[in-house]
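Notes follow once the structure below has been shown.
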Amino acid sequence: MTIIRIPTPLRAYTSGMKEVEVSGDSVGAVLSALAAQYPLIKPHLFDETGEVRSYVNLFVNDEDIRNLQGHETALSDSDRVMIIPSIAGGREESDQHLNKATYQHDN
Amino acid sequence: MKLQISTKLLETIQQHGAASYPHEGAGVLFGKVHPTYIEVQDLMPMDNTFDEAQRGRRYMIDARGMMQAELTAEGLGLDVVGIFHSHPDHPARPSQYDLAHSLPWYSYIITSVDAGAAGDSRAWRLQENRAGFDELPISIEDQEAAA
């Protein structure tokens, strides 16, 4: 059995569980097992074509699976898989500077 | 739902935004989510890893940074409850880009930085249907006096 650590935004879909224990001998297998055990998490991990969503990053212990063998990375019982979201954002495209009057009015 | 934070932590967020100017600055919020409020108890300023040419209007916390933040929170006995970032010369409101890239459940504190000086900080949470954000009133709670 492998422990998968669930990031806080996805715990709503694992009955609040911080860590879930699933069986599987590779990263891909445990991810599928997680989705089978908690079907509500599936659309947040995989897109419509079954590919893992771009903001979902996977680590085995502290190593990104992109530096290992990706979803084929083999797991042993002592490994812990971490699901880590990518974080991005930013301001509006416009280069217009802050209009204080509008801003305060907005409040 | 409101967001509770200390004066000291809010000042740290604002100073990080001002120090990052003209780039966007960002970091991770640690704390606990209670039934009626989100309690920010600590934070971790992070590097903005977006392409340098676009850091004035974009931020990214890469996967390795987020993993370190998750482990730090775990070590403190806290959860990652949200993200803070700055909007240089723009209001402390989520943009369309923020909407497209935000995750549910996290609280997002946005600080406006106008010509290098921190302005307002406001807190937001993505709506469940991703149609927009709900603003979370920020409640300043300083507990040093009780210690």
Side-chain angles (χ1 to χ4, degrees), chain A residues 3-19 27 40-41 43-45 52-68 70 79-107, chain B residues 24 26-28 30 33 46 48-50 54-71 73-74 78-83 85-106 108 110 112-115 119-120 122 126 128 135:
Chain A
I3 289 171
I4 303 186
R5 190 167 193 280
I6 311 296
T8 40
L10 297 183
R11 287 181 199 164
Y13 313 108
T14 57
S15 308
M17 300 284 283
K18 190 182 285 192
E19 295 185 332
V27 171
L40 292 178
I41 204 173
H44 301 281
L45 295 179
V52 173
R53 290 196 179 277
S54 58
Y55 62 77
V56 173
N57 303 280
L58 296 157
F59 284 74
V60 175
N61 304 317
D62 62 354
E63 193 60 61
D64 193 325
I65 65 164
R66 282 175 285 218
N67 301 327
L68 300 169
D79 288 329
R80 181 167 80 151
V81 174
M82 294 179 77
I83 301 173
I84 302 289
S86 296
I87 304 296
R91 63 169 174 80
E92 294 293 358
E93 299 291 335
S94 160
D95 285 333
Q96 190 179 7
H97 278 231
L98 184 64
N99 180 331
K100 280 185 177 160
T102 307
Y103 185 26
Q104 285 169 2
H105 178 72
D106 237 40
N107 276 329
Chain B
E24 296 204 1
V28 181
F30 301 151
V33 172
M46 304 295 291
N48 180 352
T49 59
F50 214 96
Q54 296 192 70
R55 279 183 207 158
R57 62 191 186 93
R58 294 286 180 263
Y59 77 93
M60 176 185 286
I61 301 172
D62 63 20
R64 179 153 295 277
M66 275 308 285
M67 189 203 60
Q68 286 163 352
E70 287 276 354
L71 293 176
E74 193 175 46
L78 301 173
D79 287 326
V80 172
V81 296
I83 304 295
H85 75 279
S86 59
H87 279 179
D89 300 316
H90 277 255
R93 289 190 300 247
S95 65
Q96 283 299 317
Y97 192 86
D98 286 324
L99 181 65
H101 290 82
S102 290
L103 291 167
W105 194 87
Y106 277 155
Y108 288 87
I110 303 178
S112 169
V113 180
D114 191 9
D120 280 0
R122 294 167 70 177
L126 186 66
E128 192 66 28
E135 182 161 13

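Remember, predicted model here, so these are calculated numbers, not experimental data. Side chains are part of it too, since the values below use all heavy atoms of this structure and drop only hydrogens, waters and symmetry mates. Each chain gets a letter, A, B and so on, in the order the sequences are listed, and its residues count up from 1.
The residue among B:Glu74, B:Met46, B:Met60 with the most heavy atom pairs within less than 4.5 Å of chain A is B:Glu74. Ranked by heavy-atom pairs shorter than 4.5 Å toward chain A, the options B:His101, B:His85, B:Arg64, B:Gln68 are led by B:Arg64. Interface summary for chain A: among B:Ile83, B:Ile110, B:Val28, the most heavy-atom pairs under 4.5 angstrom belong to B:Ile83.
How far CG of A:Leu10 is from CH2 of B:Trp105: 10.5 Å, rounded to the nearest 0.5 Å. Interatomic distance, NE2 of A:His44 versus CG of B:Leu103, reported as 10.5 Å (0.5 Å rounding). To the nearest 0.5 Å, the span separating CD on A:Glu92 from CG on B:Asp98 amounts to 8.0 Å. Atom CZ of A:Phe59 sits about 10.5 Å away from atom CE of B:Met66, to the nearest 0.5 Å.
Pairing each heavy atom of A:Pro9 with each of B:Pro104, the nearest pair is CB-O, 3.3 Å. Minimum interatomic distance between A:Pro85 and B:Tyr106 (heavy atoms only, all atoms of both residues): CG-OH, 3.6 Å. For A:Asn61 against B:Met67, the heavy-atom pair with the smallest separation is O-SD, 4.2 Å. Considering every non-hydrogen atom in both A:Asn57 and B:Ala63, the closest pair reads CG-CB, 3.4 Å.
Residues A:Arg80 and B:Glu70 are not paired through a salt bridge, judged by the lack of any N-O separation under 4.0 Å between the basic side chain and the carboxylate.
The contact between A:Ile87 and chain B is made by backbone and side chain atoms together, counting heavy-atom distances below 4.5 Å. There is no contact between B:Arg55 and chain A, counting heavy-atom distances below 4.5 Å.
Considering only heavy atoms from C-beta on, B:Gln96 stays 4.5 Å or farther from A:Arg91 through its side chain.
Side chain of A:Thr8 to main chain of B:Val81: no donor-acceptor pair is present (N/O by atom type, distance under 3.5 Å, no hydrogens or angles).
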